[in-house]
Amino acid sequence: MQRTALRRVAVTALALAALGGGALATAGSASANEKNGFMERSEFGLYYSPDRGGAVFDLFASDEDFSDDWFPGSGAGAGQSANDNTASYWNNDFYTWLVYTDARRGGIQGSLPPGHIGNASGDFRNKISSAYIKS
């Protein structure tokens with residue numbers, strides 16, 4: 001089973017356990033909640049502006065096509081398309097992430113190891129269209 005599938009199973013199991021226990025917490029979740037505009041542990045974030053500035057498009061699972069995704073939250077870039085519109089990144093996950101300049105693993109591939117923070121190079125700035133957890 002791929003890591004993405006395992007993550008989905010784990011998130012589903014946690015949600016079912018919380019519902020089964022009748023404990024719908026109003027406080028923040030201990031697990032990552034992708035695409036909410038907040039960087040959490042186990043997420044990969046693409047930022048609208050350099051130096052992790054502006055809105056963040058945060059991923060917990062692979063996304064093969066950013067064309068239907070938007071920068072959530074507030075700050076510079078909020079509401080803008082995440083496709084071909086990122087200037088910096090933060091891999092706050094335990095796994096390496098692969099980014100591509102085209103959807104569905106097309107174009108140029110970049111590899112970002114766990115903990116890596118930086119500004120996108122000329123090959124990737126405002127050109128990233130998909131991202132995958134390396135399996």
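The basis for the numbers below is simple: all heavy atoms, side chains too, and nothing from hydrogens, waters or symmetry mates.
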- Task: Would you give the length of the straight line joining atom OG of Ser42 to atom CG of Asp93, rounded to the nearest 0.5 angstrom?
- Result: 5.0 Å

- Query: Would you call Phe124 and Thr101 a side-chain contact if the rule is heavy atoms closer than 4.5 Å?
  - Reply: yes

- Checking side chain to side chain donor-acceptor pair (under 3.5 Å) for the pair Ser67/Asp65: CA distance, chi angles, key distance, verdict? CA-CA 6 Å; Ser67 66; Asp65 187 354; 2.9 Å; yes

- Side chains of Asn83 and Ser81: do they bring a donor and an acceptor to under 3.5 Å? no

- Do Asn126 and Thr86 have a side chain donor and acceptor closer than 3.5 Å? no

- Message: With heavy-atom distances below 4.5 Å as the criterion, would you say the side chains of Lys35 and Leu59 are in contact?
- Response: yes

- Message: Using 30° and 60° as the class boundaries, would you call the ring planes of Phe66 and Phe57 parallel, tilted or perpendicular?
- Response: perpendicular

- Task: Tell me whether Tyr95 is reachable from Val99 by hopping between hydrophobic residues (I, L, V, M, F, W, Y) whose side-chain heavy atoms are closer than 4.5 Å.
- Result: yes

- Task: Measure the shortest side-chain to side-chain distance between His116 and Tyr89 over non-hydrogen atoms and say whether it is less than 4.5 angstrom.
- Result: yes

- Item | With Tyr47 via ring pair (Phe, Tyr, Trp, His ring centres under 6.0 Å) - residues at least two apart | none

- Query: Side chains of Thr96 and Ser111: does their closest heavy-atom pair fall under 4.5 Å?
  - Reply: yes

- What heavy-atom pair brings Ala103 and Ser129 nearest, and what distance separates the two atoms? N-CB, 3.6 Å

- Query: Say you draw a straight line from CD of Glu43 to CG of Asn92; how long is it, rounded to the nearest 0.5 Å?
  - Reply: 8.0 Å

- Query: Is the closest side-chain heavy-atom distance between Arg41 and Phe94 below 4.5 Å?
  - Reply: yes

- Message: Quick check for you: to the nearest 0.5 Å, what is the distance between Ser130 atom OG and Arg105 atom CZ?
- Response: 8.0 Å

- Query: Can you tell if the side chain of Arg125 reaches within under 4.5 Å of the side chain of Ser88, non-hydrogen atoms only?
  - Reply: no

- Query: Is the closest side-chain heavy-atom distance between Arg52 and Ile117 below 4.5 Å?
  - Reply: yes

- Query: Closest approach of Gly73 and Ala78, non-hydrogen atoms and distance?
  - Reply: O-CB, 3.1 Å

- Query: Residues in ring pair (Phe, Tyr, Trp, His ring centres under 6.0 Å) with Tyr100, at least two apart?
  - Reply: Tyr132

- Message: Quick check on the hydrophobic clustering: are Ile108 and Ile128 connected, directly or via other members, by side-chain heavy-atom contacts under 4.5 Å?
- Response: yes

- From OH (Tyr48) to CD (Gln80), nearest 0.5 Å: 5.0 Å

- Query: Do Leu46 and Trp90 share a hydrophobic cluster, counting only Ile, Leu, Val, Met, Phe, Trp and Tyr and linking them when any side-chain heavy atoms are less than 4.5 Å apart?
  - Reply: no

- Look only at the side chain of Asn91 and the backbone of Phe44, and say whether a donor-acceptor pair between them is shorter than 3.5 Å. no

- Query: Would a 4.5 Å heavy-atom cut-off, applied to side chains only, mark Asn36 and Asp58 as touching?
  - Reply: yes

